[in-house]
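This report refers to the structure that appears directly beneath it.
Below, chain A is the first sequence line, B the second, and so on; all start at residue 1. Heavy atoms only: backbone and side chains are in, while hydrogens, waters and symmetry mates are out.
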Amino acid sequence: MNQMDVNSNKRTKEKPERGANDQWVLRLYVAGQTPKALTAFANLKKICEEQLEGKYSIEVIDLLKNPQLGAADQIFALPTLVRKLPVPVRKIIGDLSNTERVLIGLDLLPVS
Amino acid sequence: MKKAENKISNINLPKSPTGIMGFDEITLGGLPTGRPTLVCGGAGCGKTLFGIEFLVRGAIQFNEPGVFMSFEETDKELINNVASLGFDLNNLIKNKKIALDHVYIERSEIEETGEYDLDALFIRLGYAIDSIGAKRVVLDTIESLFAGLPNQLILRAELRRLFRWLKNKGVTAIITGERGDETLTRQGLEEYVSDCVIMLDHRVTEQTSTRRLRVVKYRGSTHGTNEYPFLIDETGISVLPVTSLGLEHIVSNERISSGIKALDEMLEGKGYFRGSTVLVSGTAGIGKTSTAAHFAEAACKRGERVLYFCFEESPNQLMRNMLSIGIKLEPWVKKGLLRFQATRPTLYGLEMHLAVTHKFVNEFKPDIVILDPINTFVTGDKEFEVKTLLMRIVDFLKVNQITALFTSLTSAECSIEGSDAGISSLIDTWLLLRDIELNGERNRGMYVLKSRGMANSNQIREFVLTNHGVELRDVYIGGKGVLTGSARIAQEAFENAEVLRRKQNVERKVREIDRKRRELETQISALRAGFESEETEAVMMIETEQETIKRLEQDKMEMAVSRKAKIGKIATKNLKNN
């Protein structure tokens with residue numbers, strides 16, 4: 001995490017600067033095709049389509065297949081959504097059913 | 001260890017030895033194999049160390065690889081922290097004996113958005129376990145999850161699942177937990193981990209801190225229930241079973257010299273029993289340390305190992321002082337037979353002293369242990385604790401067949417026998433040094449107050465410090481009481497003079513009688529000579545007279561013959577007139 005990102009790290013009222021060219025890289029960690037994983041993926045897809053159309057990529061990582069990846073991203077809960085880009089890295093755990101909290105977690109909505 | 005292993009076979013619950021000094025003895029073998037154990041305690045009480053030592057020793061001593069999942073310290077911090085205790089984690093990690101996994105949870109970076117579980121944690125742990133074939137797992141401190149994750153309902157359910165999962169995995173696990181106000185752990189982890197709970201504690205009483213360990217519960221096994229002091233030092237944790245080990249120690253008939261010849265003579269001429277406990281008590285400056293130093297020197301000369309705990313003097317000071325009475329200790333220190341351990345009694349609490357004693361004794365393996373002096377422990381109103389402390393030390397040393405010599409300073413006010421922290425009953429041989437004040441002098445007296453199992457002398461000897469060590473002299477005991485010092489010397493001189501005078505008296509009398517006898521004999525011979533001359537004279541006179549009588553009678557006869565008278569009658573008449 002760079003010093004430059006300190007401002008955007010805070011959940012202030014100002015919206016994070018999001019240039020038109022910002023590419024969102026999202027990772028969804030799951031463990032197999034559990035109902036929770038499926039719900040999470042569906043919810044994520046929906047939110048991304050609504051908010052970030054065309055400038056996002058979602059990578060789904062199945063920890064059952066690649067268990068060593070869990071430690072690298074400090075994953076302990078499932079499902080976990082990790083925003084790799086834009087920095088800073090943010091983590092959202094749960095099945096993403098609470099859309100508002102997902103948006104807060106992704107810094108897409110100011111905290112009201 | 002051997003003892004512990006025997007116990008395992010007696011009971012059915014399999015146990016994994018921790019390798020932590022003393023702990024396996026308390027738990028009769030270690031932690032329950034394949035089950036989670038909760039280690040709880042306040043901050044800085046050694047939970048993490050307990051966990052890491054469990055893993056490191058498991059990996060090195062018992063060939064059981066282990067996984068350390070840390071929720072607080074990063075891998076690097078952990079490696080650095082335990083390096084100070086002599087554990088080379090890097091090497092163990094390289095050899096796939098230990099795996100570290102740091103779980104980083106930062107509340108501000110986490111957003112909860114619905115249902116979730118901790119499967120990822122399980123997967124990570126499972127992956128780490130499988131990658132090195134771990135048999136042991138430590139989760140330190142899992143309660144950090146509570147700080148990171150707001151949804152306690154999920155968390156608690158997941159923890160329950162985690163512990164069950166650990167059990168199914170068959171790993172022996174340690175879960176550490178921060179101590180709560182009323183509960184064992186802040187988050188009530190003891191509800192989930194109920195097989196074995198160990199509590200660590202770090203208490204400060206009278207400015208000295210003591211770490212203590214207690215096995216709160218251990219399902220399916222007996223265990224020591226007391227609070228056991230433990231020690232964290234450069235070799236890790238060592239716990240000591242402090243309860244008396246029972247009075248079943250082997251006794252020895254071997255006798256060892258006290259280093260003071262005259263003292264040996266007072267003890268049947270042989271000295272102390274090996275493995276016995278000797279107390280030398282007395283007032284200040286009376287020579288307790290000198291007695292101890294003699295004993296140490298004698299032991300070193302025999303080639304035995306001596307561990308000398310000094311609580312009041314530095315080793316150098318002690319060696320210098322002993323040199324002044326001709327006891328050379330330094331060569332033995334250099335040879336490695338004698339080791340000094342100097343600490344202030346106030347440095348640690350009592351339990352800690354015991355722990356330290358245990359540790360050094362186990363390390364040095366001495367034949368003789370000297371504690372000089374013991375009563376510096378007694379600060380404040382702690383007599384009972386001191387007594388139990390000494391009892392534990394005595395028991396511990398006796399079991400190991402180590403002869404112990406304690407010195408004890410008695411204050412002048414209290415009676416000498418009654419003092420000494422009430423430990424007299426623990427002592428086998430008690431030497432009392434006391435000062436005898438007389439004629440403006442203060443002299444030292446020593447006597448054997450008691451000595452179990454031997455016919456010891458009941459005499460008070462005068463105890464003299466000379467430039468070639470301690471000497472014991474017979475004290476003068478007579479009509480004028482006990483005399484010591486110059487009074488004794490004066491008395492001895494007086495007695496010598498008296499004897500001389502009497503001797504001379506006797507000689508004079510002998511001479512006088514001799515002279516008298518000779519006088520008498522001269523007189524006798526003079527008398528005899530006088531008598532003899534008289535006797536000869538008398539005989540001659542008698543003969544002359546008889547001659548004369550004969551002649552007269554003859555004359556008469558002749559006259560009668562001439563007168564023709566009767567002869568018989570005349571003769572008779574004459575004789576009758578004679």
Side-chain angles (χ1 to χ4, degrees), chain A residues 1 5-6 9-11 27-32 34-40 42-44 47 61-83 87-109 111, chain B residues 67-75 93 96 99-132 134 139 141-159 161-162 165 169:
Chain A
M1 249 178 257
D5 306 320
V6 169
N9 194 14
K10 288 178 191 161
R11 268 177 263 167
R27 265 188 199 171
L28 184 66
Y29 287 86
V30 293
T34 59
K36 266 197 284 257
L38 294 175
T39 317
N43 285 332
L44 178 64
I47 292 165
I61 294 174
D62 190 344
L63 286 181
L64 290 181
K65 287 177 188 151
N66 299 301
Q68 73 281 5
L69 294 177
D73 259 330
Q74 285 294 351
I75 309 301
F76 50 88
L78 289 181
T80 297
L81 174 65
V82 177
R83 187 186 77 176
V87 283
V89 175
R90 300 200 56 85
K91 270 182 231 161
I92 297 159
I93 58 175
D95 60 9
L96 310 177
S97 54
N98 187 334
T99 310
E100 196 181 343
R101 295 206 69 81
V102 177
L103 295 177
I104 293 170
L106 288 172
D107 270 350
L108 286 167
L109 262 187
V111 180
Chain B
V67 172
F68 193 92
M69 188 171 252
S70 164
F71 294 84
E72 286 174 339
E73 290 170 288
T74 64
D75 298 358
I93 293 167
K96 292 202 166 246
L100 299 184
D101 191 358
H102 173 226
V103 179
Y104 172 79
I105 299 170
E106 175 58 55
R107 180 88 172 246
S108 66
E109 292 174 16
I110 294 164
E111 204 66 55
E112 279 187 334
T113 62
E115 285 286 305
Y116 62 90
D117 54 45
L118 295 180
D119 259 344
L121 206 62
F122 289 48
I123 291 168
R124 277 169 78 170
L125 196 52
Y127 174 69
I129 291 171
D130 294 339
S131 67
I132 58 166
L139 302 175
T141 305
I142 205 155
E143 286 184 316
S144 303
L145 285 174
F146 286 89
L149 300 174
N151 192 336
Q152 299 226 344
L153 284 177
I154 293 181
L155 200 50
R156 288 187 183 278
E158 286 299 290
L159 281 182
R161 198 159 69 91
L162 175 66
W165 180 81
K169 270 268 179 193

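Residues meeting the ring pair (Phe, Tyr, Trp, His ring centres under 6.0 Å) test with B/Y127, sequence neighbours left out: none.
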inquiry  = Run the side-chain contact (heavy atoms from CB on, under 4.5 Å) test on A/L81 and B/T113 for me, step by step, so that the C-alpha distance in whole Å, both residues' side-chain angles and the decisive distance to 0.1 Å come before the verdict.
reply    = CA-CA 10 Å; A/L81 174 65; B/T113 62; over 6 Å; no
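Note that the CD1 atom of A/I93 and the CG atom of B/N151 stand 8.5 Å from one another [nearest 0.5 Å]. A/F76 contributes atom CZ, which lies 4.5 Å from atom CG of B/L149 (distance to the nearest 0.5 angstrom). Atom CD1 of B/I123 sits about 12.0 Å away from atom NZ of A/K65, to the nearest 0.5 Å.
In this structure, A/S97 and B/G114 approach most closely via the heavy-atom pair OG-CA, 3.7 Å.
The candidate with the highest count of non-hydrogen atom pairs below 4.5 Å against chain B, out of A/N98, A/L96, A/L69, A/N43, is A/L96.
Contacts classified as side chain to side chain donor-acceptor pair (under 3.5 Å) and involving residues 115-124 of chain B (residues at least two apart or in different chains) are given here: A/K36-B/D117, A/Q74-B/R124, B/D101-B/R124, B/E112-B/Y116, B/D119-B/R161.
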